[in-house]
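Written out below as structure tokens is the structure these notes cover.
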2 protein chains.
Amino acid sequence: MLTDRQKVILRMVVDDYVVSAEPIGSRTISKHPNLGLSAATIRNEMADLEEMGYLEQPHASAGRIPSQQGYRYYVDNLVNSDSKISVDDFTMIKSLFTEKIDEMERVAQQTAVVLSGLTQYTGLVLGPQVYDTMLKNLQIIPLNDHSAVIIVVTSTGQVQNRTVTFPEGIAMDEVERLVGIVNRRLQGTPMYKMRSRMLEEIMHEVARSVGDYEEAIRLLDQIAPTIGLENEAKVYLGGATNMLLQPEFQDVQKAQPVLSWLEHRDRVVEALKADGRAEQRTSVRIGIENDVETLQDCSLITATYHVSGVPVGVIGVVGPTRMEYGRVIRLLRHVSLGLSELYSKFYNGS
Amino acid sequence: MLTDRQKVILRMVVDDYVVSAEPIGSRTISKHPNLGLSAATIRNEMADLEEMGYLEQPHASAGRIPSQQGYRYYVDNLVNSDSKISVDDFTMIKSLFTEKIDEMERVAQQTAVVLSGLTQYTGLVLGPQVYDTMLKNLQIIPLNDHSAVIIVVTSTGQVQNRTVTFPEGIAMDEVERLVGIVNRRLQGTPMYKMRSRMLEEIMHEVARSVGDYEEAIRLLDQIAPTIGLENEAKVYLGGATNMLLQPEFQDVQKAQPVLSWLEHRDRVVEALKADGRAEQRTSVRIGIENDVETLQDCSLITATYHVSGVPVGVIGVVGPTRMEYGRVIRLLRHVSLGLSELYSKFYNGS
DNA sequence: ATTAGCACTCGACGCATTTGAGTGCTAACA
DNA sequence: TGTTAGCACTCAAATGCGTCGAGTGCTAAT
């Protein structure tokens, strides 16, 4: 357990280090106003904090920097994440939500960019995944004799499409009949049940109406991935190269793996989803707390956003462990609330 | 005009420098087999080549490196861009086209990744823009009382969609009537004429059938951007962070602007389009030949791909001016041929 | 418990020296 | 006349060395 004074000192070290990126010495701390302590006293306390694992020394005659455990303690006990965000931040974010953006995709992208712009870290947005969407409509538009566009519309207005080529021996009208069947029997079916329902309920009816059973199955197989669109979450990155401005990424060897990791969307999606499933509204992963090896010197802070109280997406920020935890957490909370509002309006029909 | 011997030497300098990234000295060249010349002779020739502007010296006692003019001469006269690509490259690319990828979007993305993987530069793909597509179908799917999804399908099977919210006082059936009019009157209209045709031909008819003229215009305005989808080309990047492996990007200050430039898709699209309009099938922009200031130490090589002989898209590679011009040009030619074939099949209905 | 004082540590910085790759020039040679 | 060997010269990079100073730990005094 830390004494009050140790907490104060730890907080000061973190706060100072986060802005300066240089080890903090005892003198620096002792010069802080409203802290009538000499450097020697601070030294003693710092030595204790180091022994307990909250601080560390890059080398013997240098100042102290927070350890990952130190950051963790800071985030759990010292940071004030409830106060308001700064006026500048507020106006910046406000423009994001008031600007009339009718394409929801652009909102997500723009959110990532704004998050990065405000923090100089990388902004992440995991697009909304609404789980209880249902099939609204299945359309087929013939292109020529043997190919057509299949269009799926969900109850929330998401649209997915795919061009399919028919196997030899299947005529257009058979396909159209097939689509008719799907529409008749499966409208209103939740999307996540789609695939199984298609197999269970439709197959026999298909067999009855379509000439060639074998071919019908082949065709359904081709359409299935589109129809049963797994509502696959898309991730949007913003300002990944902003991170190159951070001192810890001045060394390309350090920066390359992280940027490279960010390039693979699927990995990023996975990392964000993991946090999205957590109970809390905001999650902070510091260094080795990240399952991803590449991010062992980075922190990932995420927040979920909601539609009708249900979490549907995640926003987040990746940066070096030396991060403005307080500010970033407040920013993310604020933005996630805004997004929740926006998406709720959108999905509940504005 | 260069003597044959000077050409040989220039080619050697470029070839050596491209792989070593270190200034090339006279001794190195003289040691080349099938070139019975002493270092001293090479020195004289090199001095001449420098005087003519094809080589330069980083500092007095260093070897020579090619100047941008030197690269230009190399590309124009010395590179052999017609020979075949290597077997390794061939198999790598082959898997790209034989793998059955039915989503054309993924083909483009994957092409960019493969280009980068093969070169360690950044791969670029400007998605196909087919200019003579026509309106195939306009669909409207109501979501609730005051919003619906508008879906546009073109003759080539491209699908674009948008959620629209109706102004107060416009009922769903009026919207449906409007869509019907558009379908009846404008099916088969080339997409690029869409917007003007909509205004010219439809307005008066709309006014007749829809109750409120003012509102009808407002509504059409809202739909217009989707219908008249400018066939906006999408750009796909691959392996931007691979460039951080290049020696010239070991300095973050050098790398950051370039990576940052690549982050803004619109700028990249513009640069690629510029090259796509050029006459030649492949274009090489070396250093300052790039209009973009950020790329003054980079080279951009592009090649167009075609559908039915008409150029519809661009692929390319961005890297440092010290680039394997020969190999990259051959790669791009090969890949662009493959893409042309693939897209031609796709658009002409396979 | 706090603090002043002091010896000690160690990276950063500046400066001189060395090293070596590479050049330009000159004179000899075919 | 073109080519080459030889040599003095140049300069970046590497190496070594002393200095500086921020910061520490320890001790003794308050």
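Below, chain A is the first sequence line, B the second, and so on; all start at residue 1. All values reported here derive from a predicted model rather than from experimental measurement.
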Looking at B/Arg64, does any N or O in its side chain come under 4.0 Å of the phosphate oxygens OP1/OP2 on C/dT23?
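The answer is yes; a side-chain N or O of B/Arg64 sits under 4.0 Å from OP1 or OP2.
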
For the pair made of [atom1] in [X] and [atom2] in [N], what is the distance, rounded to whole Å?
X       : N      : atom1 : atom2 : answer
A/Met46 : D/dT24 : CE    : P     : 6 Å
B/Ile9  : D/dG2  : CD1   : P     : 15 Å
A/Ile65 : D/dT24 : CD1   : C1'   : 16 Å
A/Glu45 : D/dC26 : CD    : C1'   : 16 Å
A/Glu50 : D/dG25 : CD    : C1'   : 11 Å
B/Asn44 : C/dG24 : CG    : C1'   : 9 Å

With the threshold set at under 4.0 Å for non-hydrogen atoms, list the residues of residues 17-42 of chain B touching DNA chain C in residue-number order.
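Listed by number, they are B/Gly25, B/Ser26.
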
Test item: side-chain donor near acceptor, B/Asn80 and B/Ser83, under 3.5 Å
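Yes, a side-chain donor-acceptor pair sits under 3.5 Å.
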
Under a 3.5 Å cutoff, is there a donor and acceptor pairing between the side chains of A/Glu263 and B/Thr241?
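Checked: A/Glu263/B/Thr241 side chains pair up, N/O donor to acceptor below 3.5 Å.
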
I want to confirm an ordering. Mapping B/Arg5 and A/Gly63 to their closest nucleotides on DNA chain D, which one lands closer to the 5' end?
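Here B/Arg5 is the residue nearer the 5' end.
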
Are any of the side-chain nitrogens in [X] or [Y] under 4.0 Å away from the carboxylate oxygens of its partner?
X        : Y        : answer
B/Asp89  : B/Arg327 : yes
B/Glu248 : B/Arg322 : yes
B/Arg330 : B/Asp82  : no
A/Glu56  : A/Arg64  : no

Looking only at the side chain of B/Arg43 (C-beta and beyond, no hydrogens), which of the listed nucleotides D/dC26, D/dC7, C/dT3 gets closest?
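The listed nucleotide nearest to B/Arg43's side chain is D/dC7.
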
Which nucleotide sits closest to the side chain of A/Gln57: D/dT24, D/dC7, C/dT2?
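It is D/dT24.
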
Let me have the donor-acceptor pairs involving side chains of residues 293-302 of chain B, under 3.5 Å, with sequence neighbours excluded, atom names and distances please.
| residue | atom | partner | partner atom | Å |
| --- | --- | --- | --- | --- |
| B/Ser299 | OG | B/Tyr325 | OH | 2.7 |
| B/Thr302 | OG1 | B/Asp275 | OD2 | 3.1 |

Side chain of A/Gln246, backbone of A/Gly319: donor and acceptor closer than 3.5 Å?
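Looks like no, no N/O pair under 3.5 Å.
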
Is A/Ser336 reaching over with its side chain to a backbone N or O of A/Leu332, donor-acceptor style, under 3.5 angstrom?
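Side chain of A/Ser336 to backbone of A/Leu332, a donor-acceptor pair under 3.5 Å: yes, one is there.
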
For nucleotides 8-21 of chain D, give me one character per nucleotide, 5' to 3': B if any protein heavy atom sits under 4.0 Å from the base, S if the only such contacts are to the sugar-phosphate, - if neither.
--BBS---------

